[in-house]
Amino acid sequence: MSAIDTSNVPLTNRAKAHRVKWWREVGWRHCVGVVAVLYSIFPLVFAVNMALSPGKTGVPDASKLFQQVTGDQFVTLFTNNRPETQVHFLNWLANTVIVGIFTAIGTVLMGGAAAYAFSRFRYKGRRTTLTALLIIQMFPQMLAFVAVFLLLKSLGEVIPILGQDSLVALICVYLGGALGVNTFLMYGFFNTVPISLDEAAKIDGATHAQIFWGIILRLVAPVLAVVGLLSFISSFSEYIIAKLVLTTPTKWTVAVGLYSLVANDRYAAWGLFAAGALIAAIPVLALFLFLQRYIVSGLTAGAVKG
Amino acid sequence: MKRLVAVAVVALGLTAGLAACGGGDKSGSGGESTTSAEATEEATVSADDDNPAADPADADDGNPAAGSYDCSDASQIQGEITVWVDETRITALQPAADLFCAEQGVKVNLIQKVFDDLRKDFASQVAAGSGPDITVGANDWLGEFKTNGLVAPIDLSGVADQLSPAALGAFSSEGQAYGVPYGTENIALVRNNALISETKATTFDELIEEGKAVGQKYSVIIPMGDAGDAYHMYPIQSSFGAEVFETDAEGDYTDTLAMGGEAGHKFAEYLAKLGQEGVVKSTITGDILGQAFTAGEVPYVITGPWNTSTWVASGMDISVLPIPSAGGEPAAPFMGVQGFYLSAKAANAFDAETFLVDYLTRADVQLELYKLGGRMPANLEALADPSITDDPVAKGFAEAAGDAQVQPSIPAMNQVWSPWGLTEVAIADGKVTDPAAAWDEMITNIETAIAENAG
Amino acid sequence: MSELPLKPRTQKSRKAATMAVAGGWGPGFIVKLILMALIDAIGIFGVIQAWRAGSTTILVVAIILLLVVNYVYFARRAIPGKYLVPGMVFLLIFQVYVMLYTAYVSITNYGDQHMGSKDAAITAIQSQHTAVAPDKDPYAIVVLQKGTDYYLATVVDGEAEYGTSDQPLEALDGATITDGKITAVDGYDIVKPDRDNWDTLQTLAVPLSDDASQGFLMTERNGTQAKVYLPTVRYDKAADTFTDTETGLVYHDGGKGQFVDDAGKKMPGSVGWRAVIGFANYKTIFADTKMMVPLLKVLVWTICFAFLSVATTFFLGLILALVFNSPRIKGQKIYRTLMILPYAFPGFMTALLWKAMLNRDYGVINKWIFFGAEIDWLGNPWLARLSIILVNLWLGYPYMFLVCTGSLQSIPSEMMESARVDGAPPLRQFRSITLPLLFIAVAPLLISSFAFNFNNFNLIFMLTGGGPLPGTGSDTKIPGATDILISEVYRLAGVDLGTPDYGLATALSILIFVLVGAIAAFSFRQTRKLEEMA
């Protein structure tokens, strides 16, 4: 993309050439960008259309885009005013946010601590635990829903709060998978923090705990943000285990609740679903945009040098 | 080293203290492991505390006799039962639950479930030793529930003469009742009077012609969906004489399929034709049926009371008619019966049975359920109520029921539904070139599955 | 971010650090102490509860965990342990144990007809085979209680008689009979059935005489009347057999969770239970061609789906990243924010949204893009597969775009500079420098993306449910056209359609795990090689 010398060209031509050059180097990129953006958002436009359509059941006819606009779906969502579909949307949202936050915090702390141990200490069995972890994390918890169900059943008989229909139990199950993928992502990133920093601090008399909490965790903040975000999102979207653990409609998460609205053909409330989906997406979206700058560095830095 | 010991002592002291507090607080709910998970902890504790005091009073009263309890006062509540209902019935049951609590002092926890979850959740929960005391359900679940030992027999001999024998029979197996029926339902032909006000057709083919003459998007709709809907297709099938199972001398279903052979082939070919006509397609779900009907895009649909009640409520002018025969014999729909099952592992079987037998069979309770769901009450007194006999829609469904056959509840039925539905999808969508051969293949597969399961 | 928080540099904190090392009571230590006390309290509470509930396994596990946690946090050694234990505890209980338990379930016949325990099955068989004797009138009875034992008492020919399940009716002394009814009995209380004693009373079946075929009495809920019941089968506890009272046939435990006759045929009306059946489920998967062939197809599709998903998203993401990797574009941030919306939206919602959009009759895709054509996107096997790939492209390309952008920016500018000085044409530069570097950077992410899609249950379940299902007369265990392995497990488990077969489903889970584990171990080894080469 070497610069073309334009100084000798007459003025009109120069302006033209300038525009051509702009098009060749920048303008077309904007075109691509607009197309990509359209591609990304047109389903969301459709979702907004569904959410604002008046129908109680069924997929709103797409040819009637924004012909009838009403807030009925949103009203129902919050007031639960239809006898045929009971919607506990506020409960669902609150449950989901609670589960998401605790899962994210737990995952970040436990994953971070484990990654620190793997990255900074050399002890017997380190290699083995790492490999074992790598293998075990390949077993999706969802595949074990039968066993999870039976485990919670027997735990619940001893400690009710760890049994079925409890958000705590659901968080615990999610945290069971916390060490999995995340530890590897973090491990890679932890390795990028020079060990000389630790050693300097150690000479200064800092304990391992002080190094961990005071130095390392701050330096790896991007990856913590990424892991927290990813686990928040995945717990937000998780369906099977949540469905299995939470049996009372008021205790459901958004994923379970919204799915129930469209699961049955006879009375699939797509409009209600879309309205709920749009609202539920807001916390995720906000978090995502807020943490956006960390994501790229968090995802790649560990991978590059790990 | 000394320091470490000191630390340990302090820590242990603290833990012991905390444990004592924690243990004391929660011992009530923790020890009571049989209480279903749905019961709120608070209610469980209070029920436990108050039971001893309430016992003597109980004995004096003589049990099923009605007392008078204030259910807003937790100390007056003697016990509780858990009932699973779906969202369409929870409101209708609330008065019965309140009455039961006021008279028996037993709190009814109505737990709202999604209808599609009821069956599988009940099966998995009860098998694992928990679940509700009572669940609402359809009569064709009985086979599965019984072979898995999930439901307990109920002694309905005291109230049997108040209930429709057909409905009672649908919840019975080998002479024993396993559930309390409350409503029967069947599908019928529903006409949008705004599009066409008179139906002359006596055969299904004529009906389609009439529907086409209206000139809307569809002529007639029978809902199907991806997994098929043999239930809605059954009147067409039975009009060819291809009934699902053979019946024995007493009219009970046997394990032998009766829908194969010549009659089955004829139906299969007719189904392929319906598919070409656009009457049935896997993409036309119950969902789309509802939309098309309310939008005035179709004059005729085959559906049940769950839709008509909303349509009437929204002010549509509709008529409910018997389904014209397609194959010469009467088009008999299935009669589905809805009712309540008693869990074999009920935590409080005593009160649950009282609620089932003495309350849910009552005319006023069943009438309430009729008003919300549109299903014909199983209680004979309720069935004779003017609100039903004077209702043209209800009358229409009753007429359409005509020769309705009770939907089989034998275990073998479990092996039938899905292949049946899927094969119908394949035929209607034109995915198979030879409908009769596909039908035969289905019959063979089902027969194998039934044999495997019985062995 | 620039000021490094190297705390111990200051005088004060260095002092604190020194104290902590010397074993003082620093604030950190106090926090730890409080936390440990809390954890111990919860642990001990758990132990007590397990003891009360009589659950030995949970008791033992709770005690071991408690000891290990205390050792790790109070001992000087085991420093790595202090960081590993919290995660490991959850991992062991909710992942490792669950895996092992899954392996155990896979060698049982847990599923339809084999749901509960054997005891529950026997009770159910008994209660289901008890019929009211049609020609016998009910007896007027009272329920007697002495201590914790219950009796039924009745008046036969003017004399009071009583009995229990083990003892047929016999004469009862000390009964006061008024108007032919027992009103009081010396040494016994007359009680009413209630919610507390009902479970016991329901098992109280008093034989009318030594001849069991005469039937037995069971009280009704009012406690004043008992019907005569006749059992059609009799359970012999010692021999663990059922005998049909009419035919005399004997049924024994066939070892496969059912009572069977000598020929191995199931007892009519039997209720089964969960039993260990060895490797029968695995055998079904491998030996049954009805099972194996479709599963192999599913495997092929799973790999294709995962590979194509990664390839398409990466390709589109890379192109867009290259397009936007120019500082001269204004509004980059806005573009990026809008473009990553699909990724930020919770996945299950967008999958369902696309399902509605692809609806043949009302969906926006047919209405707008194909001008009302009735294309059956999710009903035709190949179109459904294509739809899934395209939807996944939409869902996944923003992630790849982010990743590629990040990697491009992290490529040292000196390398690009030197290539430019060498006069290499842009395409060459890209092929020989940018692409390899980029690839090394993102390879592990591509692998994990592959692994993620390999098990991308949500997308398949929400979009097509695995369908369209194969045509004729197939049973529900046969996979649909878009089923991937993990959704096929769900189908086999029969949670949504058909009859549950958890044994078979878990056996397949274990096989998938072995497969994925092997692929993962292999590919991670490959990436390590790739890095070493670089």
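All of these numbers come straight from a predicted model, not from anything done at the bench. Quick note on labels: first sequence line is chain A, next is B, and so on, each numbered from 1.
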Of all of [options], which one pairs up most often with chain C through heavy atoms under 4.5 Å apart?
options: A:I41, A:L44, A:L162; answer: A:L44
options: A:W213, A:F236, A:Y116; answer: A:Y116
options: A:C172, A:G112, A:A274, A:A47; answer: A:C172
options: A:I240, A:I282, A:I159; answer: A:I240
options: A:L155, A:V254, A:L151; answer: A:L151
options: A:F121, A:F288, A:F139; answer: A:F139

Taking the side chain as every heavy atom from C-beta outward, state whether [X] and [Y] have any atom pair closer than 4.5 Å.
X: A:V37; Y: C:I334; answer: no
X: A:E157; Y: C:S55; answer: no
X: C:N458; Y: A:S237; answer: yes
X: C:M462; Y: A:Y239; answer: yes
X: C:Y335; Y: A:V32; answer: no
X: C:F461; Y: A:Y259; answer: yes
X: A:W28; Y: C:V323; answer: yes
X: C:L84; Y: A:Y123; answer: yes

Once rounded to the nearest 0.5 Å, what's the spacing between atom [atom1] of [X] and atom [atom2] of [Y]?
X: C:Y83; Y: A:H208; atom1: OH; atom2: NE2; result: 5.0 Å
X: C:N455; Y: A:Q141; atom1: CG; atom2: CD; result: 12.5 Å
X: A:I161; Y: C:Q49; atom1: CD1; atom2: CD; result: 12.0 Å
X: A:I233; Y: C:F345; atom1: CD1; atom2: CZ; result: 12.0 Å
X: C:Y104; Y: A:L150; atom1: OH; atom2: CG; result: 10.0 Å
X: A:L143; Y: C:L508; atom1: CG; atom2: CG; result: 8.0 Å

Between [X] and chain C, with a heavy-atom cut-off of 4.5 Å, which part of the residue counts as in contact: side chain, backbone, both or neither?
X: A:L229; value: neither
X: A:F232; value: neither
X: A:L258; value: side chain
X: A:V146; value: side chain
X: A:T107; value: neither
X: A:L109; value: neither
X: A:F145; value: side chain

Can you tell which part of [X] gets under 4.5 Å to a heavy atom of chain A, answering side chain, backbone, both or neither?
X: C:W51; value: neither
X: C:K82; value: side chain
X: C:L91; value: both
X: C:L393; value: both
X: C:I512; value: side chain
X: C:I93; value: both

Chain A contacts, top residue of [options] (heavy-atom pairs, under 4.5 Å):
options: C:L316, C:T337, C:V105; value: C:T337
options: C:Y397, C:Y97, C:F452, C:F454; value: C:Y397
options: C:V516, C:L338, C:I319, C:L352; value: C:L352
options: C:V489, C:L320, C:V96, C:L353; value: C:L353

Minimum heavy-atom separation for [X] and [Y], please, with both atom names.
X: A:A147; Y: C:V98; answer: CB-O, 3.5 Å
X: C:L322; Y: A:R29; answer: O-NH1, 3.4 Å
X: A:P43; Y: C:W354; answer: CG-CZ2, 3.6 Å
X: A:V158; Y: C:A53; answer: CG2-CB, 4.1 Å
X: A:S40; Y: C:W394; answer: O-CZ2, 3.2 Å
X: C:G517; Y: A:I135; answer: O-CD1, 4.2 Å

_side chain to side chain contact (heavy atoms under 4.5 Å, CB included), that's the test. Do A:T129 and C:M88 meet it? Break it down for me._
CA-CA 10 Å; A:T129 21; C:M88 286 291 177; 4.2 Å; yes

Pair C:F94-A:L152, side chain to side chain contact (heavy atoms under 4.5 Å, CB included): steps then yes or no: CA-CA 10 Å; C:F94 291 100; A:L152 293 185; 4.2 Å; yes

| Taking atom OH of A:Y39 as the centre, does the number of heavy atoms from other residues, nucleotides or ligands within less than 6.0 Å exceed 12? | yes

